[in-house]
There are 2 protein chains.
Amino acid sequence: MSPRRVPVSRRDRPAKPPLSRDGVMSVALRVMREEGLERVTMRRLAAELDTGPASLYVYVDNLAEMHAALLDALIADLPLPSGDDAGCWREDVIGLLDAYTRILMGHPGLARSALVLRPSGPHYLRLVDAVLGLLHAGGIPVRQAAWGVDLLLQHATATAAEQGTRDGSADADGEVRQQVSAVRDADPGDHPHLHRARDELFSGTGEQRARWAFSTLLDGLAAGRGGD
Amino acid sequence: MSPRRVPVSRRDRPAKPPLSRDGVMSVALRVMREEGLERVTMRRLAAELDTGPASLYVYVDNLAEMHAALLDALIADLPLPSGDDAGCWREDVIGLLDAYTRILMGHPGLARSALVLRPSGPHYLRLVDAVLGLLHAGGIPVRQAAWGVDLLLQHATATAAEQGTRDGSADADGEVRQQVSAVRDADPGDHPHLHRARDELFSGTGEQRARWAFSTLLDGLAAGRGGD
DNA sequence: ACCTGAACACCGTTCAAGT
DNA sequence: ACCTGAACACCGTTCAAGT
């Protein structure tokens, strides 16, 4: 209809847009959301971008660096607490860490990468700053807070890596059942403490245990004897 | 010299011993100790045992199950605290978890597997029982102890997975340096709390931080408000 | 039952060569 | 500088066929 037509490439296939870091990353994000991180391979992204895998190495150092960038992109969606409402700092930390855990739980493979990655993206730094701010508002001394933020974020990441819904290795809950029955079948004489705690070891929902864990970590930070 | 000779196989190559679960596992352990977990592949073990990879599936479910067995074999070397010396339970827990962390740090890849694995081997159960016993000796209530042992062991595993000496992805300390400089270069106006804590975020040795973390977790368990 | 060869369906990364 | 095809050096797992 319009008199000006977009020039069409030879042989009337749609023009192949030039490669770029953003282009690679946005395809990576889409494939991750639609099919999971395990499908985000150099070869798959290359095919999606109509080129060979070697071409991606102009825009991406390697797979690990790309995972770090994907993690940062996910963190961008995290709603950070607004100002410094000192009253409910405790609920705010737990809520924030809970939200972070939930985001990672959608991509357990990425959580597993994040454990090894030492993320340093801009959104990750914002997250660390926000947690530090809340701990400060709660009156937790700076060294406790500095070391504590690592502990809190590590727990979130490890928990997400552990859960591994559908992603990960075949039947995750097959392993859980095996662990449950191993504990139940253990000789009570050889494992008296295991036997005493057997009903509590697997009690509670994931949600309850996550909030308990964050709460317990905050208690430990507030107690602040640490180190000795 | 001896009149009785061991029968020699045809063509005088050493007789190929029959395959067995123990044989597979002991080769796996040796390769892991000598060359790292990343070399423990089905194909490599098969070559070492002079057969094809398919043959191993008679004795091993899959790679994940073999990793679980390797982890349990490592835990067997862990010296568990002797009796119930209630006086120094705190030091005993920290020492035990420290030893566990150290064992896993030698095999970061295995630590990474262990995070997803829900181990249920006999030696792992002994370890859980020992930790529960020490927490009990310290007067920590059974539910706190039951949920706490997960938290403590998860921290040990995640820390070992994080450290990743030489194993793992290329240059681990390259990533650390990048994280350090990202924190140092972050805009102080945008990241006031990060800026305030910047010198403490990377302070301390791995050893100091590990002991601090375990200590802080125990403080949290002892405080015992958890859950709300 | 145990063992095997061969195949299936993939990987990340490098590198010489082109434009 | 950017892009490519082809290669290098591997993976875990399955399966039909043999013994």
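Within every chain, numbering begins at 1; the chains are lettered A, B, ... in the order of the sequence lines, protein sequences first and strands thereafter.
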Under 3.5 Å for both pairing distances: what stems, at least three Watson-Crick or G-U pairs long, include DNA chain D? C:4-8 with D:12-16, C:12-16 with D:4-8
On DNA chain C, does the nearest nucleotide to B/Gly52 precede the nearest nucleotide to A/Val40 from the 5' side, or the other way round? Give the residue.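 Whichever sits nearer the 5' end wins; that is B/Gly52.
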Counting side-chain heavy atoms from C-beta on, which of D/dT13, D/dT14, C/dT14 comes nearest to A/Tyr57? C/dT14
Counting only side-chain heavy atoms from C-beta out, which of D/dC2, C/dT13, D/dG12 sits nearest to A/Pro53?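 So the nucleotide nearest the side chain must be C/dT13.
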Using whole Å, what does the distance between atom [atom2] of nucleotide [N] and atom [atom1] of [X] come to?
X: B/Asn62; N: D/dC11; atom1: CG; atom2: C1'; result: 15 Å
X: A/Glu38; N: D/dC11; atom1: CD; atom2: C1'; result: 16 Å
X: B/Asp61; N: D/dT14; atom1: CG; atom2: C1'; result: 15 Å
X: A/Arg39; N: C/dG12; atom1: CZ; atom2: P; result: 12 Å
X: A/Arg21; N: D/dC2; atom1: CZ; atom2: P; result: 14 Å
X: A/Leu19; N: D/dA1; atom1: CG; atom2: C1'; result: 13 Å
X: A/Met42; N: C/dC11; atom1: CE; atom2: C1'; result: 11 Å
X: A/His67; N: C/dC11; atom1: NE2; atom2: C1'; result: 12 Å

At under 4.0 Å between heavy atoms, what does A/Thr41 touch on the DNA or RNA strands: base, sugar-phosphate, or nothing? sugar-phosphate
Gap in Å between the two P atoms, one belonging to D/dA9 and one to C/dA9, rounded: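 Result for the P pair: 25 Å, nearest Å.
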Is any NZ, NE, NH1 or NH2 atom of the basic residue among [X] and [Y] found under 4.0 Å from an Asp or Glu carboxylate oxygen of the other?
X: A/Glu48; Y: A/Arg30; value: yes
X: B/Arg112; Y: B/Glu38; value: no
X: A/Arg21; Y: A/Glu65; value: yes
X: A/Glu35; Y: A/Arg44; value: yes
X: A/Asp190; Y: B/Arg126; value: no

I want to confirm an ordering. Mapping A/Leu56 and A/Arg43 to their closest nucleotides on DNA chain D, which one lands closer to the 5' end? A/Leu56
Sole residue of A/Arg196, A/His191, A/His195 in side-chain contact (heavy atoms from CB on, under 4.5 Å) with B/Asp129: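 Single side-chain contact (heavy atoms from CB on, under 4.5 Å) partner of B/Asp129 among A/Arg196, A/His191, A/His195: A/His191.
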Straight-line distance of B/Glu200 CD to A/Leu132 CG, nearest 0.5 Å: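 Reported to 0.5 Å precision, the distance equals 11.5 Å.
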